[in-house]
Amino acid sequence: MSNLLHSLVPTRALRDLRPEDTPRVTTMELFFDLVYVFTIIQLSHYLLEHASWLGALEYVTLFAAVWWAWNYTAWAANWVNPDHPSGRGLMIVLMGCALMMAVAAPQAFGERSWLFAFAYVAMAMIRAGYMAFVFRGQVMGRNYAQLGAWSGFSGLFWILGAFIAPARLELWIIAVLIDYAAPYLGFWLPGKGSTPMSSWPLKGLHLFERNQLIFIIALGESILLLGGYLVSHEIHPDTGIAALIGFLMIVTLWWIYFVDLSEPGEHRFEHETDQTSLARAGLAYAHGVAVCGAIVTAVAIEMIVAHPHDAIHTETAIIAFAGPSLFLLGCAIFHRVTAARFRGLYLLVVAALAGWGWLALRLHLEGLWLGAGILLIMVTMAALGHRKAI
C-alpha cells in the first residue's frame, strides 16, 4: 500500500531546487490566474451594485475569501511542481473551485451562498490535503496537516453561514478572521503545538513575482471597466475627460507600485534569510490590501466616468477615497516590511484624499472635479516618492 501511494504522487511532484535557486512562474500558474480576471470583475460589479455600508462590508468579506484562496494556492505552487501531472491536476481542480466561487460571488449573500462556501472550503481542504500527502513524513507534511485542520475549523463557519441566512455575514466574518489569524498563531493545535515560520522553507522571489502579476490583473480590471463603458456609451467631451482622468489614475497606481516599491522589495527578497516571515507580512497581508484598493479604485473610476457632471453622492466620495487609500495603506505596510521603515508620505496622502473627498462632498462638486483632485494628489505623491527614491 505504501509503494502504491508513493507511485501515485512521486517526489517529482515537488520542485527540485537547489538552495540558491528561485522557482520560475510556470504557464500552469498563469493559466490558474486567468480565473481571477473573471473573479475580480465579479467583485467590482458587486461593489458597484451594492454601494452602501452593508454592501461594502459584504464586498470586503468576499474579497478576503477570494484573496486567501489565491494566496494559499500561490504559496503551495512555491513547493509543488505545477508542470508535473499531479501538480497540474491539483491546479486544474483548484481552478475549477475558484471559478465556482467567481460564478457564485454576485449572489453569494443570496441564493448562491452554498456554492460560494462549498467551493471555498473544498479549495482549502483539497489543497491542504494534497500538500500534506505529497510532503508525508516531512516537517512540511505536518505543517500542512495543521493548516488543513484550521481550514476545516473555519470551514464550519463558512458552511453554517451558507445555510443560516440571518447570520450569514457574521458567520462569514468569523470564518475570515480564523483564516487570517491562523498563520500568525502558527496553526497551533492542542497537543501538536505550532508550526514555526522557520519550518516553511519559502522562495520569496517567486511569490513576489506572483503577487506582482495578480496586481497587474487587478489594474487590468480598471481597464476592462473603463473600456467596457466607453464601448457601450456615446463619448461626449466630458466623458472623454473623465475617461482620461481614470486612465491616468490607473497609470499612477502602476507607477507607484512598480517604480517606487518593486525594486526595494525585490532587493530585500534577494538578501533576506527569513523569507517566510517577510512574505507573510509583505505579500499575504500587505499585497491583499493593495489589490483590494486597486479593485475599489476601478469601481470609483467607473462611477465618475458614468456621471461626470452629476453632483457626487456620499457613496461615490467614499469609494473614490477608499480605493487609492487602501492601495496606499497596502504599499505603506509593504514598504515598512521590506525597507524596515515607515514612509509617512503615504499617510499624508491618505489624509489629503480624505480632506478632498469631504470638501468635494460639502461643495456638491461634480464627479469630474472629484476625480481630477484625487488624480492630482496621487500624481504629486508619485512624483515626490520617485524623487525621494532617486
Side-chain angles (χ1 to χ4, degrees), residues 4-16 23-43 62-105 108 112-136 138 140-141 143-159 162 175-176 179 182 187 200 202 206-207 210-211 213-214 217 284:
L4 176 60
L5 290 177
H6 279 272
S7 65
L8 287 173
V9 186
T11 55
R12 289 193 302 276
L14 299 172
R15 293 183 188 259
D16 185 17
R24 66 183 182 88
V25 176
T26 66
T27 55
M28 187 67 240
E29 291 172 273
L30 297 176
F31 186 45
F32 172 81
D33 284 353
L34 284 179
V35 172
Y36 282 84
V37 176
F38 177 56
T39 305
I40 288 173
I41 290 174
Q42 297 297 86
L43 290 176
L62 296 178
F63 173 81
V66 165
W67 172 257
W68 216 235
W70 179 88
N71 174 64
Y72 269 179
T73 302
W75 279 61
N78 198 254
W79 296 291
V80 166
N81 180 7
D83 288 334
H84 184 272
S86 70
R88 284 198 189 107
L90 172 70
M91 297 296 286
I92 290 171
V93 170
L94 297 181
M95 190 176 180
C97 292
L99 180 59
M100 286 190 289
M101 287 178 64
V103 169
R112 290 188 176 177
S113 59
W114 63 271
L115 181 59
F116 186 88
F118 275 96
Y120 177 80
V121 174
M123 194 173 182
M125 299 307 296
I126 290 169
R127 182 178 52 240
Y130 175 91
M131 297 299 289
F133 178 64
V134 80
F135 275 118
R136 60 196 178 279
Q138 303 178 45
M140 282 290 290
N143 290 353
Y144 263 103
Q146 294 188 207
L147 186 157
W150 275 82
S151 295
F153 179 46
S154 72
L156 293 175
F157 290 91
W158 283 109
I159 301 302
V176 166
D179 282 329
F187 305 106
W200 298 78
L202 194 74
H206 169 260
L207 265 184
R210 294 283 282 116
N211 277 261
L213 293 172
I214 200 67
I217 289 176

Please name the pair of heavy atoms, one in [X] and one in [Y], separated by the smallest distance, quoted to 0.1 Å.
X	Y	result
Met123	Cys97	CB-CB, 3.8 Å
Phe135	Gly141	CB-N, 3.4 Å
Thr39	Ala102	OG1-CB, 3.3 Å
Pro82	Met91	CB-CG, 4.4 Å

Of all residues at least two apart in sequence or in a different chain, which pass the side-chain contact (heavy atoms from CB on, under 4.5 Å) check with [X]?
X	answer
Phe118	Trp114, Ile159, Phe163
Ala105	Gln42
Val176	Thr61, Ala64, Trp158, Tyr180

If we only count heavy atoms from C-beta on, is the [X] to [Y] side-chain gap below 4.5 Å?
X	Y	result
Leu62	Met101	no
Trp67	Tyr72	no
Val80	Met28	no
Leu213	Val25	yes
Met140	Val134	no
Val35	Trp70	no

Kindly indicate, with the supporting measurements, whether the criterion side-chain contact (heavy atoms from CB on, under 4.5 Å) is fulfilled by Ile41 and Tyr36.
CA-CA 8 Å; Ile41 290 174; Tyr36 282 84; over 6 Å; no
What is the distance from atom [atom1] of [X] to atom [atom2] of [Y], rounded to the nearest 0.5 Å?
X	Y	atom1	atom2	answer
Ile126	Thr73	CD1	OG1	10.5 Å
Ile214	Ile40	CD1	CD1	5.0 Å
His206	Thr26	NE2	OG1	6.5 Å
Ile217	Leu34	CD1	CG	7.0 Å
Phe187	Gln146	CZ	CD	9.0 Å
Asp179	Phe153	CG	CZ	10.5 Å

For the pair Arg127 (side chain) and Leu94 (backbone), establish whether a donor and an acceptor sit closer than 3.5 Å, ignoring hydrogens and angles.
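Pair absent, no side-chain N/O of Arg127 close to backbone of Leu94.
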Give a yes or no answer on whether the side chain of Ser113 reaches the backbone of Ala162 with a donor-acceptor pair at less than 3.5 Å.
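Confirmed, Ser113 side chain pairs with Ala162 backbone.
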Quick one: salt bridge (charged side-chain N to carboxylate O under 4.0 Å, His left out) partners of Arg210, sequence neighbours excluded?
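So Arg210 forms a salt bridge (charged side-chain N to carboxylate O under 4.0 Å, His left out) with Glu29, Asp33.
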Ser151: what forms a side chain to side chain donor-acceptor pair (under 3.5 Å) with it, not counting sequence neighbours?
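Listed in chain order: nothing, the list is empty.
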Residues in side chain to side chain donor-acceptor pair (under 3.5 Å) contact with Trp79, at least two apart in sequence or another chain
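In terms of side chain to side chain donor-acceptor pair (under 3.5 Å), with neighbours along the sequence ignored, Trp79 is linked to no residue.
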side-chain contact (heavy atoms from CB on, under 4.5 Å) evaluation trace for Tyr130 with Val93
CA-CA 11 Å; Tyr130 175 91; Val93 170; over 6 Å; no
